[in-house]
Every structure is written in structure tokens, then in C-alpha cells.
Amino acid sequence: MINTAFSLVWLRNDLRVYDNQALFEACQAGLPVVALFVATPDSWQQHVMAPMKQDFIRRRVQQLQTELAALNIPLLAIEGSNYSAIPELMQRLIDTGAEALYGHTEYELRERVRDDKVSATFANAGKPSFWFDRKAVMPPGSILSKTGGIYQIFTPFKKTWLARLREAGIRCFSKPKMMPDIKLQLPELPLMKQGDGSSSAYVVDELHILEQMRQFCRDKAAYYQTERDFPALDGTSSLSAYLAIGVVSAQQCISRLQLEAANDWDREKSGAAVWLSELVWRDFYHHILMAFPELIKHKAFQKDTDGIVWPNNLALFQAWCEGQTGYPIVDAAMRQLNQTGWMHNRLRMIVASFLVKDLHIDWRWGEQYFMSKLIDGDFAANNGGWQWAASTGTDAAPYFRIFNPVTQSERFDPDGVFIKRMLPELADVPKKQIHWPHPLPMWSDYVKPVVDHSKARLKTLELFHTVKKPQDVLDHE
DNA sequence: TGCTCTTTTAC
DNA sequence: TAAAAGAGC
């Protein structure tokens with residue numbers, strides 16, 4: 001059988017038509033282009049990927065098939081199992097006419113191993129593979145201190161990052177040109193299955209999503225600084241799920257922000273600048289992950305903190321997971337996660353602090369639980385966030401910074417609007433008691449608090465003192 | 001992007 | 001007397 005030669009674009013966390021460098025370059029190269037996506041539920045399971053995220057990916061890939069078909073680019077969506085079967089699949093595509101591979105690099109360990117093997121498969125067949133580093137805006141390793149070191153503190157990292165943005169700007173790639181309509185012979189492979197529909201609250205149409213992003217930059221970014229901390233408001237971009245699977249890129253967000261927010265993005269403490277900061281955090285954690293490969297194995301960044309023996313009470317962990325701790329803000333937040341696959345960022349900090357510093361459970365348990373539920377789960381950001389909250393990470397909160405869940409609740413959900421939305425059993429509690437409705441009004445069957453915060457706080461200080469410089473105490477005696 | 005206890009300051 | 005400021009965790 002004589003096959004037509006083609007370029008293969010392997011899509012993973014870059015499920016978009018616009019600003020897709022791998023797709024763009026392949027289309028520029030001359031040969032017909034075939035896009036490939038391989039669903040790998042066994043590997044996803046290993047990564048504890050949320051079922052909702054899996055469904056979201058499947059729905060997006062189906063939609064992308066239509067969007068690419070309009071450009072005469074066939075998207076071969078395959079049902080696979082795990083990463084180890086992919087080199088063999090690639091060999092079959094090489095045998096059918098794949099002349100070159102185009103893709104975006106990923107930063108996690110198993111993904112890098114997988115991609116190295118696929119590159120080798122192409123190399124063995126005498127075919128090139130082209131990898132583009134576009135997950136972070138400034139590729140890991142590109143933002144370094146004056147002495148060439150890796151920044152471990154966010155603020156100086158951000159300073160250098162912003163200077164780079166000012167001098168180099170952002171490049172986005174346009175939609176690829178229409179390709180000639182050529183019928184290709186492709187191998188018979190199991191076609192990707194449909195998901196369970198659990199992510200249906202999220203649209204998957206790319207232009208629709210880009211429009212949401214534009215609207216945020218145009219109408220809401222200016223208020224981000226003042227509204228983002230209040231979970232009862234719709235003050236955040238809500239783009240995290242799309243960023244996580246690459247329906248939009250951070251580069252597109254920043255370019256659009258620069259267009260819509262004029263010079264505000266570079267004005268200290270403006271809404272646009274604060275939102276941009278959040279995107280810089282995303283880059284920061286990608287840099288850190290690539291510079292410290294141990295992190296992928298869930299090692300604490302601050303090594304001494306791995307000496308802490310966490311009590312890990314199973315019943316307390318379960319209460320946290322189910323939103324049954326008796327702390328309304330914590331329970332409301334956990335129910336938001338369980339029901340929607342998403343949690344407001346302020347609440348992520350509160351429940352993370354609570355799990356570690358009130359329930360004394362290893363931050364890795366929370367990290368994993370988040371991944372198992374989040375539609376926007378991303379290793380680097382999730383691990384970075386958890387280690388920050390647990391005071392074990394880079395630029396971490398000092399260990400003695402312990403959120404008081406009731407104070408946080410009063411500050412960020414002052415009228416209890418969010419709490420009441422998620423906890424109908426507290427609907428009739430007066431505002432003044434909503435943050436701490438104990439002892440309970442007799443009509444309510446809300447759960448009693450599982451721990452006493454002030455005692456738990458002291459216990460946390462003790463736990464950290466077991467690993468933080470005990471010699472200081474001896475020296476002074 | 002802390003909390004809590006203590007001391008100081010303003011009225 | 002209470003808000004503001006300071007210190008230590």
C-alpha cells in the first residue's frame with residue numbers, strides 16, 4: 001500500500017486551534033497535517049485525574065475534531081490505555097506515512113519519559129520530532145537570577161518575569177491556514193469513547209471560550225483585585241479549567257489583557273496587574289517543578305518538614321472530604337469542590353490550611369484529593385499551592401501563619417451568602433452566627449465541630465517545632 | 001495571601 | 001476605653 005506522507009501533530013494539553021504553535025508549524029511545513037489525540041484512561045487513573053476532567057477532555061477533543069475538520073485537518077481521536085502503548089501506536093502511524101512529529105512539551109515526569117520514547121521511535125525511523133515549550137509563558141529555566149540561579153521566592157521571580165515581558169512581549173500564533181482536502185489512508189484504531197457527561201457545565205466551543213476570556217479582560221479584570229477574594233461573588237476569571245487542558249493559553253490571556261487593559265496591567269495593584277500576577281504564579285510553579293524534579297515524587301520542598309509525623313486521623317480526613325467538619329466555610333468550600341469540580345481560590349487556601357493545621361493531616365492527602373476532584377487539576381499549581389499552604393514549599397507561608405477559619409469566613413464571606421448557598425441546613429441561621437453556629441439552633445442538624453481551632457493551632461506549632469531547629473532551645477539553656 | 005497576646009497611644 | 005501598634009509564634 002502506498003501512503004501519502006503527512007506531518008503528525010500530537011495534541012495533549014493544548015486542545016486549541018488558535019495559538020497552537022505545534023499545529024501552526026506543522027501546517028507551515030508543507031505536508032498534509034494529521035492531528036492525533038490518544039485517550040489514556042489507565043494513565044489518567046494513575047494520576048488520580050478527576051472523572052470530570054476526563055470527561056471534559058473527551059468532550060473538548062470531540063469538538064476540536066469539528067473545528068479542525070473545517071480546516072481540512074483530520075483529528076484522529078484514539079482510545080488507548082496507558083502511556084507505555086504509545087510508542088507502538090506511533091510506529092504504526094510512521095508506517096502509514098507520518099514523516100514528522102509536532103507537539104508541545106510537558107513538565108511532569110511520566111509525560112517526559114513517554115515523550116522521550118516517542119521521540120526515539122521517530123528518530124529510529126529517521127524522522128524528526130519538533131517540540132515547543134509553550135505551557136508556561138516564560139519557559140522553565142528562562143527566568144533566572146543575576147547569578148544564574150533559580151528563584152525560590154515569588155516576588156523577585158515576578159520582577160524579572162515582568163521585565164522580560166516588557167522587553168520581549170508575547171507572541172501568539174494565528175489559526176493555521178486552510179489545508180488542501182486530501183484523503184489519507186490512516187490505520188484502523190479503536191476510536192475514542194464518549195465521557196460520562198459530568199463536565200457539561202463547561203462549554204467546549206473554542207470561540208465561545210475565547211469570547212469569555214475577552215469579556216473577562218475587558219469588563220472584569222479591572223475589578224479583580226477588589227472582588228477576587230469573595231467566593232459569593234463571580235469575581236474570578238473562571239478560566240482555570242480551560243487553561244488546564246489548553247483550550248486557551250496563558251499567552252492568549254496576557255495578550256488580550258494587554259489589549260483590553262491598556263497600561264493597567266503594568267500598574268501596581270490594578271485589577272489587571274493582580275490577575276497577571278496569578279498567571280505569573282502559574283509560571284513560577286512550572287519553573288520550580290522543572291528545577292526540582294523531586295517535587296514530582298511529592299517530596300517536601302523544605303526538607304526538614306518531611307520529618308513531621310502527621311497524625312493522619314482517617315475519620316477527620318473523611319469529614320474534611322465530605323464537608324462535615326462543623327466549620328461552615330470549610331464545609332461549604334468542600335461541597336463546592338465535590339459538586340462542581342471547582343473551588344474558589346480563597347477557599348482552596350482556607351481548606352488546605354484547615355486540613356494541615358487544624359486536622360494535622362499530611363498535605364499530600366489533600367493534594368491527591370484535590371486532583372481526584374478538580375476539573376482544573378494541574379500538578380505544578382496544585383502541588384505548589386498545597387506546599388505553600390502547608391508551609392513546606394517555596395516561598396511558603398511561615399509555619400506559624402495559621403488561618404483561623406472563622407476569621408477568614410467573617411472577612412471573605414461577611415454575610416454568609418456563599419455558606420448558605422452551599423449549606424442549606426444553615427439557611428435560617430442569623431448572619432452573626434453563620435460563621436460559627438455552635439451551639440446549634442435546635443432546628444438544625446448541622447454537624448458539631450470536629451476539632452477546637454485554638455487547641456489544634458497549638459498542636460500544629462508543636463508539630464513544626466519537632467523539626468524546626470530544636471538546637472536553638474538547647475543553646476540558650 | 002495570619003493570629004494572638006501584650007503594650008502603647010489617643011481621646 | 002478602645003483602637004493601633006508591636007512582638008513572637
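In the text below, chain A, chain B and the rest are named by the order of the sequence lines, each starting its count at 1.
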Can you pull out every side chain to side chain donor-acceptor pair (under 3.5 Å) where at least one residue sits in residues 388-400 of chain A? Sequence neighbours excluded, please.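 Matches after skipping sequence neighbours: A:Lys357-A:Ser391, A:Gln387-A:Thr392, A:Tyr399-A:His465.
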
Can you tell me if CD on A:Gln368 sees more than 12 non-hydrogen neighbours from other groups inside 6.0 Å?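 No.
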
Would one find more than 12 heavy atoms of other residues, nucleotides or ligands at under 6.0 Å from atom CD of A:Glu167?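 Atom CD in A:Glu167 is crowded, with more than 12 foreign heavy atoms closer than 6.0 Å.
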
Summarise protein proximity over nucleotides 1-6 of chain B in one line of letters, 5' to 3': B for base, S for sugar-phosphate only, - for none, counting protein heavy atoms closer than 4.0 Å. BBBS--

Nearest 0.5 angstrom please: A:Arg411 CZ to A:Phe403 CZ, how far?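 Interatomic distance, A:Arg411 CZ to A:Phe403 CZ, rounded to 0.5 Å: 8.5 Å.
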
Walk me through it: do A:Glu211 and A:Arg218 pass the test salt bridge (charged side-chain N to carboxylate O under 4.0 Å, His left out)? CA-CA 10 Å; A:Glu211 182 52 31; A:Arg218 189 170 60 228; 3.7 Å; yes

